Protein chains: 2
Amino acid sequence: MVDTKQRILDTAERLFAEQGYDATSLRHIIAEAGVNLAAVHYHFGGKDEVLAQVVLRKVGPVNEARLARLDEAERDFGGKPPVEAILRAFLMPTAEAADKSPEFVKLMGRVVAEGLIENLALTHFQPMTDRFIGALARSLPELSRNELGWRIYFMFGAMSRALHGIPQTWLTGEAGDVRERLERLVVFLSGGFRAAASAPAAGETAAQTQTANHKVHR
Amino acid sequence: MVDTKQRILDTAERLFAEQGYDATSLRHIIAEAGVNLAAVHYHFGGKDEVLAQVVLRKVGPVNEARLARLDEAERDFGGKPPVEAILRAFLMPTAEAADKSPEFVKLMGRVVAEGLIENLALTHFQPMTDRFIGALARSLPELSRNELGWRIYFMFGAMSRALHGIPQTWLTGEAGDVRERLERLVVFLSGGFRAAASAPAAGETAAQTQTANHKVHR
DNA sequence: GTCTATACTGAGATAGAC
DNA sequence: GTCTATCTCAGTATAGAC
């Protein structure tokens, strides 16, 4: 079969999104794809690489759209777009990809949440993330690089919650669609990124910082 | 063995924290604990229940400390403490628990990130979370209940990143200790929770207002 | 009530024939 | 490139010893 590889990827993508990575066995994938078990190891070497390639072929175009929207934002705002515009450039291409492939967001949410592709992130995402870090750093010059890095790291955690539509109705009410969830996220993150920098030395008491930030209440 | 059950829990706690839930086999646990495999199923019924009990016996005291600190904050601030104080009441007992049991934070970070205890959360955490939701709602009356719920949900995602000390040095620099990471998180979250719900904060441009209020129809 | 020994099913991985 | 057969290891189930 010439397209054994594609059939495996397509089926794996769907099943990973529906059931999660661990819960999806290779045997389930090959049964639905109509291929042999050993073919998976021939083409991919292992289950983890199947996931990697499923993610990469999906997220590649998304990352390009992210960069295009960042370019656009920097053009519109004279090289220094506000935080909201940068965050939207990063997050909204995900929603657009979801329109074409509804399972994509669930998959990405799972992948980010379960920390399955930390290594992939380093090799394939860093050129893209570096540009966004630079844009955020210019937009928020009062933040140290470490502070900014942590806030971006926090953002990934929050983003995973916005992406995978696990219904937590007791907490959030009806889930709504991806775009609405990401819109809420942008507002939330903008406030977070704009918060005055905190650089407490290790060992400093929380009480000091508490009184320092106390008056910010609106 | 006198306390086979405790030995299993102690060993499982350590190994889950070090390697994660999926990567830790029951056979590894029983080998280090010096007990028989079937004893695990006799006492716990299955691997998932081992994790549940490991988490519950650890997080019970933490939740009590959370409520105690919330009581204290409400006393200090006349029933309506600022967001920072509420968030600190929720987050800082984790750091205190980490002082006694350094592996605990790693475990909790993994558990939250991997979504392993969504069901546990409902049955055992909700009384505690309900009190915090109420406190946040009083402190942020301009937010709808859904909006607040989503922000709390985002918070859980960000919290998981602050807890498990996976070194992302390319992004955050040196990891620092738990207390420092949680302190950064409190500042970040405070800004996020305070962000205006549907209208952008003062000082933002018309372009963002347009985008922020833009409702997308499918 | 507790624990041991053993077996069962399904997982990912691999060697070698074709 | 593909497939059969097989390997190791996972979680689980059960019968029976004490």
Side-chain angles (χ1 to χ4, degrees), chain A residues 1-57 106-107 110-111 113-120, chain B residues 1-58 103 106-107 110-111 113-120:
Chain A
M1 216 72 74
V2 254
D3 49 350
T4 300
K5 204 170 170 180
Q6 293 304 316
R7 300 250 299 283
I8 294 169
L9 284 176
D10 292 340
T11 312
E13 178 181 323
R14 180 168 51 81
L15 293 178
F16 285 157
E18 288 170 0
Q19 310 175 335
Y21 175 73
D22 285 316
T24 303
S25 69
L26 288 180
R27 284 171 169 85
H28 188 174
I29 294 172
I30 60 133
E32 297 214 2
V35 301
N36 186 273
L37 174 59
V40 177
H41 287 90
Y42 172 76
H43 285 289
F44 300 96
K47 191 185 177 185
D48 49 351
E49 188 62 21
V50 175
L51 175 68
Q53 297 215 25
V54 163
V55 171
L56 281 181
R57 71 170 185 170
K106 275 163 74 177
L107 174 61
R110 280 186 187 275
V111 161
E114 298 173 22
L116 296 172
I117 48 155
E118 302 285 333
N119 299 336
L120 253 73
Chain B
M1 265 9 124
V2 259
D3 42 4
T4 302
K5 204 170 170 180
Q6 292 305 313
R7 300 252 300 283
I8 294 170
L9 285 177
D10 292 341
T11 312
E13 179 182 323
R14 181 167 51 81
L15 293 178
F16 285 157
E18 288 170 1
Q19 311 175 335
Y21 175 73
D22 285 315
T24 303
S25 69
L26 289 179
R27 284 170 170 85
H28 189 174
I29 295 172
I30 59 132
E32 296 214 4
V35 303
N36 186 275
L37 176 59
V40 176
H41 286 88
Y42 172 76
H43 286 289
F44 301 96
K47 192 184 177 185
D48 50 350
E49 188 62 20
V50 175
L51 175 68
Q53 296 214 25
V54 163
V55 171
L56 282 181
R57 74 169 183 170
K58 273 290 171 183
E103 300 295 342
K106 275 162 74 177
L107 174 62
R110 280 187 186 275
V111 161
E114 298 174 22
L116 296 171
I117 48 156
E118 303 284 334
N119 299 335
L120 253 73

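Proteins come first, then strands; the chains are lettered A, B, ... in the order of their sequence lines, and each starts at number 1. Owing to the predicted nature of the structure, the values given are computational and were not obtained by experimental measurement. Note that these values count all heavy atoms, side chains included, but never hydrogens, waters or copies made by symmetry.
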Does OP1 or OP2 of [N] have a side-chain N or O of [X] closer than 4.0 Å?
{"X": "B:Y42", "N": "C:dT2", "result": "yes"}
{"X": "B:T4", "N": "C:dT2", "result": "no"}
{"X": "B:H43", "N": "C:dC3", "result": "yes"}

So how far is it from A:D22 CG to A:R110 CZ, rounded to the nearest 0.5 Å?
10.0 Å

Interatomic spacing from CD in B:E13 to CG in B:D10 - rounded to 0.5 Å
6.5 Å

Enumerate all atom pairs, one protein N or O and one N or O from nucleotides 13-18 of chain D, separated by less than 3.5 Å.
none

Shortest non-hydrogen contact between B:T11 and B:I29, atoms and distance:
CG2-O, 3.7 Å

Nearest non-hydrogen partners of B:V50 and B:L9, listed with the distance
O-CD2, 4.0 Å

Expressed in angstrom and rounded to an integer, what is the separation of [X] atom [atom1] from [N] atom [atom2]?
{"X": "A:D3", "N": "D:dT2", "atom1": "CG", "atom2": "P", "result": "9 Å"}
{"X": "A:F44", "N": "D:dT2", "atom1": "CZ", "atom2": "P", "result": "11 Å"}
{"X": "B:R7", "N": "C:dC3", "atom1": "CZ", "atom2": "C1'", "result": "13 Å"}
{"X": "A:I30", "N": "D:dT2", "atom1": "CD1", "atom2": "P", "result": "14 Å"}
{"X": "A:N36", "N": "D:dT6", "atom1": "CG", "atom2": "P", "result": "15 Å"}

A:Y21 six-ring face occupied by A:K47 cation (under 6.0 Å, within 45°):
yes

Do the side chain of B:D3 and the main chain of B:K5 share a donor and acceptor less than 3.5 angstrom apart?
no

Could you tell me whether the side chain of B:T24 and the main chain of B:L15 form a donor-acceptor pair under 3.5 Å?
yes

Check nucleotides 9-11 of chain C against the protein and report each pair of N or O atoms closer than 3.5 Å, with its distance, or say if there are none.
from	atom 1	to	atom 2	distance (Å)
C:dA11	OP1	A:S25	OG	3.3

Partners of A:F44 by ring pair (Phe, Tyr, Trp, His ring centres under 6.0 Å), sequence neighbours excluded?
none

Side-chain touch A:R57/A:Q6, heavy atoms, less than 4.5 angstrom:
yes

